[in-house]
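In this chain, residues are counted from 1 in sequence order. Any value given below was found using the heavy atoms of this structure, including those in side chains, with hydrogens, waters and symmetry copies removed. All values derive from a computational prediction rather than experimental measurement.
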Amino acid sequence: MVGLLDKPPPILPFKPGAFSSTLRSDKVTSKIGIALAACVAICFITGLWSHYQQHPLDWLTIPTAPVWGYRLSQGLHVATGIAAIPLLLLKLWSVYPRLFEWPPVKSAAHGLERLFIAVLVASMIFQLATGLINISQWYPWTFPFTQTHFAISFVIVGALFIHLAVKAPKIVAALKGPKPRVVAEPGNEVPAEPVEGQPQPVGSGEGISRRNLFIVAGASVGAVTITTVGQTVTALEPVAAFAPRVPTLSPQGLPVNKTAASAKVTPALVGGDYRLDIDGPTPLSLSIDDLQAMPQTDVELPIACVEGWSASAMWTGIRLADLLDAAGIDPSSTIQVVSLETGGNYGTSIVAANFARDPLTVMAMRIGGEELSLDHGYPIRLVAPNRPGVLQTKWIHRIEVMA
Ligand SMILES: Nc1nc2c(c(=O)[nH]1)N[C@H]1C(S)=C(S)[C@@H](COP(=O)(O)O)O[C@H]1N2
Ligand SMILES: [Mo]
């Protein structure tokens, strides 16, 4: 057995010298790795922020300002996640020959280190692939996406932390060290003088220089970013060829994630019998005419979806604080809004007191001056500042006091 492991198998990827690219070096691996780790760090922090906005912690009061806070943090979350895809592929390319290093396990510590790397790579591939599929609005799996995405993020960060700690000395040495030498192989030497009629070598005998490698890396990260970030940066919309959602091409200037039909909200439900009921010391039951007769306020606020698209709109509606005051609800109360949509995860949402009382939080009836379409939440929906799109509940018919 030991004898078997002494020598690499005589087949290609294991043969010494099987990988001849002179572009791979610890320095290249370290630089790409640092860019990838930076993306992972931003993605993790913005992901946690998004999670705790949707599942609040008792001791953490989320501020209502700046109004574009969630738009920025979730835009960064999705953009850094997308940028991590080409970076991860490059990183894997840069260390790929090590997959075939011989012997595969040199010691217990080495075996453990490789195991952590396997966990790290597998969890990152899973996270980025399912995340990308999710923002493309395709849900081919049966496991609960958000819980899994949340749990796996800790596996990634834990394994990455260990990986960086183990590799720290090597990374520091690689970054401080001299430029890796271009290895000239027999018959592949870089000629001292240009030879007329011969193609010029470009740095390594391999046709692409290390500088060009970084240009390719930067260009691929730039390309995936530029062609998708238009879903949230309006100025880049014209080049957003791969953005799953493009706000200005959508009804009333805003994509619709859940249509009224798929939420089973029928026109009959929002007809003459519709009432907005508010449970409070002075219970209210308001018809659409009653609601339209109340003082209306204009607010400019974004809808920022967890999937990374976002768009700002001018909303017109009744300040939520005015409705709560009319029902005699205490200003320190947390409330819940309830949709006509039954079932589904987003039929209700909790509104903490600071959000409920913010002067920018409205129960919107109009968008851009037009009556809300049924798909956008007619007759009335919640729009609050610095709030994930999933919590901007549509088709509200009831407001309840929680605590
Ligand atoms: N009742 C209800 N409200 C909802 C949803 C839903 O599924 N049901 N989806 C939410 C999500 S995920 C987003 S991003 C916004 C999108 O709002 P829009 O369809 O008006 O653009 O509505 C939110 N409000
Ligand atoms: Mo969303």
Under the side-chain contact (heavy atoms from CB on, under 4.5 Å) criterion, do Arg398 and Leu276 qualify, and how do the steps go?
CA-CA 5 Å; Arg398 183 174 206 91; Leu276 174 67; 5.7 Å; no
Please examine the side chains of [Y] and [X], heavy atoms only from C-beta on, and report whether any two atoms are closer than 4.5 Å.
{"X": "Met363", "Y": "Leu291", "answer": "no"}
{"X": "Arg381", "Y": "Gln392", "answer": "yes"}
{"X": "Arg319", "Y": "Val299", "answer": "no"}
{"X": "Gln296", "Y": "Met365", "answer": "yes"}
{"X": "Leu36", "Y": "Leu88", "answer": "yes"}
{"X": "Pro97", "Y": "Arg24", "answer": "yes"}
{"X": "Thr232", "Y": "Val78", "answer": "no"}
{"X": "Ile171", "Y": "Leu164", "answer": "yes"}

Determine whether a donor-acceptor pair (N or O, by modelled atom type, separation under 3.5 Å) exists between the side chain of [X] and the backbone of [Y].
{"X": "Ser30", "Y": "Ala174", "value": "no"}
{"X": "His77", "Y": "Cys43", "value": "yes"}
{"X": "Ser50", "Y": "Thr46", "value": "no"}
{"X": "Ser333", "Y": "Ile329", "value": "no"}
{"X": "His51", "Y": "Pro56", "value": "no"}
{"X": "Asn386", "Y": "Tyr70", "value": "yes"}
{"X": "Trp68", "Y": "Pro302", "value": "no"}
{"X": "Lys27", "Y": "Gly177", "value": "yes"}
{"X": "Arg366", "Y": "Gly369", "value": "yes"}
{"X": "Trp309", "Y": "Leu254", "value": "no"}

Could you walk me through whether Ser310 and Arg71 pass the side chain to side chain donor-acceptor pair (under 3.5 Å) check?
CA-CA 6 Å; Ser310 67; Arg71 187 178 195 187; 2.7 Å; yes
Arg357 and Asp322: salt bridge (Lys or Arg N to Asp or Glu O under 4.0 Å), yes or no, with the steps?
CA-CA 9 Å; Arg357 298 291 163 165; Asp322 291 348; over 6 Å; no
Considering all heavy atoms, the nearest [X]-[Y] contact:
{"X": "Ala260", "Y": "Asp375", "answer": "N-OD1, 2.8 Å"}
{"X": "Ser21", "Y": "Trp93", "answer": "OG-CZ2, 4.2 Å"}
{"X": "Val306", "Y": "Gln74", "answer": "O-NE2, 2.6 Å"}
{"X": "Ser312", "Y": "Glu300", "answer": "OG-OE2, 3.0 Å"}
{"X": "Arg210", "Y": "Ser25", "answer": "NE-OG, 4.2 Å"}
{"X": "Val337", "Y": "Leu382", "answer": "CG2-CD2, 4.5 Å"}

Going by distance alone, is a donor N or O of one side chain under 3.5 Å from an acceptor N or O of the other, for [X] and [Y]?
{"X": "Asp330", "Y": "Ser332", "answer": "yes"}
{"X": "His110", "Y": "Glu101", "answer": "yes"}
{"X": "Ser373", "Y": "Gln252", "answer": "yes"}
{"X": "Arg387", "Y": "Ser349", "answer": "yes"}

Working to the nearest 0.5 angstrom, can you tell me the gap between [X] [atom1] and [Y] [atom2]?
{"X": "Asp277", "Y": "Asp279", "atom1": "CG", "atom2": "CG", "result": "7.0 Å"}
{"X": "Leu286", "Y": "Gln292", "atom1": "CG", "atom2": "CD", "result": "12.0 Å"}
{"X": "Leu92", "Y": "Leu99", "atom1": "CG", "atom2": "CG", "result": "9.5 Å"}
{"X": "Ile318", "Y": "Thr361", "atom1": "CD1", "atom2": "OG1", "result": "13.5 Å"}
{"X": "Asp26", "Y": "Ser94", "atom1": "CG", "atom2": "OG", "result": "9.0 Å"}
{"X": "Ile32", "Y": "Leu213", "atom1": "CD1", "atom2": "CG", "result": "5.5 Å"}

Crowded around Phe242 CZ? As in, over 12 foreign heavy atoms under 6.0 Å?
no
Using a cut-off of 6.0 Å, state whether more than 12 heavy atoms not belonging to Phe161 lie near its atom CZ.
no
Derivation of the side-chain contact (heavy atoms from CB on, under 4.5 Å) call for Glu371 and Tyr378:
CA-CA 8 Å; Glu371 184 169 82; Tyr378 176 87; 3.6 Å; yes
Val95 and Arg98: CA distance, side-chain angles, deciding distance, side-chain contact (heavy atoms from CB on, under 4.5 Å) verdict:
CA-CA 6 Å; Val95 293; Arg98 288 188 209 159; 3.9 Å; yes
Would you sort out whether Gln127 and Ser123 count as a side chain to side chain donor-acceptor pair (under 3.5 Å), showing the intermediate values?
CA-CA 6 Å; Gln127 192 82 330; Ser123 55; over 6 Å; no
Taking the cut-offs as 6.0 angstrom to the six-membered ring centre and 45 degrees off its axis, would you call Lys258 and Tyr346 a cation-pi pair?
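Negative - Lys258 is either too far from the ring of Tyr346 or too far off its axis.
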Please verify the inter-ring angle class for Phe100 with Tyr96; under 30° counts as parallel, over 60° as perpendicular, anything in between as tilted.
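Perpendicular.
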When the ring planes of Phe154 and Phe150 are compared, do they come out parallel, tilted or perpendicular, using 30° and 60° as the limits?
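Rings of Phe154 and Phe150: perpendicular, as their planes differ by over 60°.
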side-chain contact (heavy atoms from CB on, under 4.5 Å), that's the test. Do Glu307 and Asn134 meet it? Break it down for me.
CA-CA 7 Å; Glu307 285 148 14; Asn134 187 259; 4.0 Å; yes
Residues Asp298, Thr316; criterion side chain to side chain donor-acceptor pair (under 3.5 Å); working and verdict
CA-CA 4 Å; Asp298 289 338; Thr316 307; 2.8 Å; yes
Between Phe143 and Phe126, does the ring centroid distance fall short of 6.0 Å?
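Distance test on ring centres: under 6.0 Å, yes.
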